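What follows is a set of notes on a single structure, which appears directly below.
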Amino acid sequence: MASSWKMVPVADLKPGDRVRHRSGTELTVSRIESGFLGRDGMSALIEDTPQRWLKAPVPDDSEIELWVEG
């Protein structure tokens, strides 16, 4: 199996996953915060590495692209 992007439910994500946000930004998930901006049904994917800090909102019931190593 070759490495590729695969659509998965946001609820299935875990720290360490490499994802591509709908904005096209790729990030490695360090942690996931629920209730983004106090809104039920929204979460924030956070990358916290020495190279960058990034917080990307996602609807909990949506899908996102996950990098799957082959």
Side-chain angles (χ1 to χ4, degrees):
M1 179 173 132
S3 300
S4 63
W5 291 102
K6 176 184 171 186
M7 295 300 289
V8 299
V10 167
D12 291 351
L13 294 179
K14 60 190 179 312
D17 286 342
R18 182 78 181 166
V19 299
R20 184 164 43 199
H21 189 262
R22 65 182 176 173
S23 68
T25 303
E26 294 180 20
L27 65 139
T28 300
V29 179
S30 298
R31 65 182 182 275
I32 302 168
E33 290 181 356
S34 58
F36 179 70
L37 294 176
R39 295 178 59 191
D40 291 336
M42 292 290 292
S43 291
L45 306 178
I46 299 169
E47 179 178 308
D48 190 359
T49 64
Q51 295 78 27
R52 148 175 101 167
W53 189 91
L54 178 69
K55 188 173 195 175
V58 291
D60 291 338
D61 61 354
S62 67
E63 290 190 330
I64 193 165
E65 290 182 278
L66 172 70
W67 181 248
V68 180
E69 292 290 335

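Because the structure is predicted, anything quoted here is derived from the model rather than measured. Values below: all heavy atoms of this structure, side chains included; hydrogens, waters and symmetry mates excluded.
- Between Val19 and Leu27 there is a side-chain heavy-atom pair separated by less than 4.5 Å.
- In this structure, His21 contributes its side chain and Pro57 its backbone to a donor-acceptor pair below 3.5 Å.
- Here the straight-line distance linking atom OG of Ser34 with atom CZ of Arg39 works out to 13.5 Å at 0.5 Å rounding.
- Contact check for Met42 versus Leu37: no side-chain heavy atoms found under the 4.5 Å cut-off.
- Screening Val68, Val8, Leu66, Asp12 against Asp17 for a side-chain contact (heavy atoms from CB on, under 4.5 Å) leaves a single residue, Leu66.
- Counting all heavy atoms, side chain and backbone alike, Trp5 lies closest to Arg18 at CZ3-O, 3.9 Å.
- A donor-acceptor pair under 3.5 Å links the side-chain atoms of Glu47 to the main chain of Thr28, judged by distance alone.
- Annotation: the span from Ser62 atom OG to Met7 atom CE amounts to 8.0 Å, rounded to 0.5 Å.
- To the nearest 0.5 Å, atoms NZ (Lys55) and CG (Asp48) are separated by 11.0 Å.
- Considering all non-hydrogen atoms of both residues, Ser30 and Pro15 come closest at O-CB, 3.5 Å.
- Going from atom CD1 of Ile46 over to atom CH2 of Trp53 covers 5.5 Å, rounded to the nearest 0.5 Å.
- Of the possible donor and acceptor atoms, none in the side chain of Ser43 sits under 3.5 Å from a partner among the backbone N and O of Val58.
- Taken to the nearest 0.5 Å, the CZ atom of Arg20 stands 10.0 Å off from the CD1 atom of Ile64.
- Both Leu54 and Val29 are assigned to one and the same hydrophobic cluster, defined by single-linkage of ILVMFWY side chains at heavy-atom distances under 4.5 Å.
- Heavy-atom contacts from other residues, nucleotides or ligands closer than 6.0 Å to CG of Asp40 number 12 or fewer.
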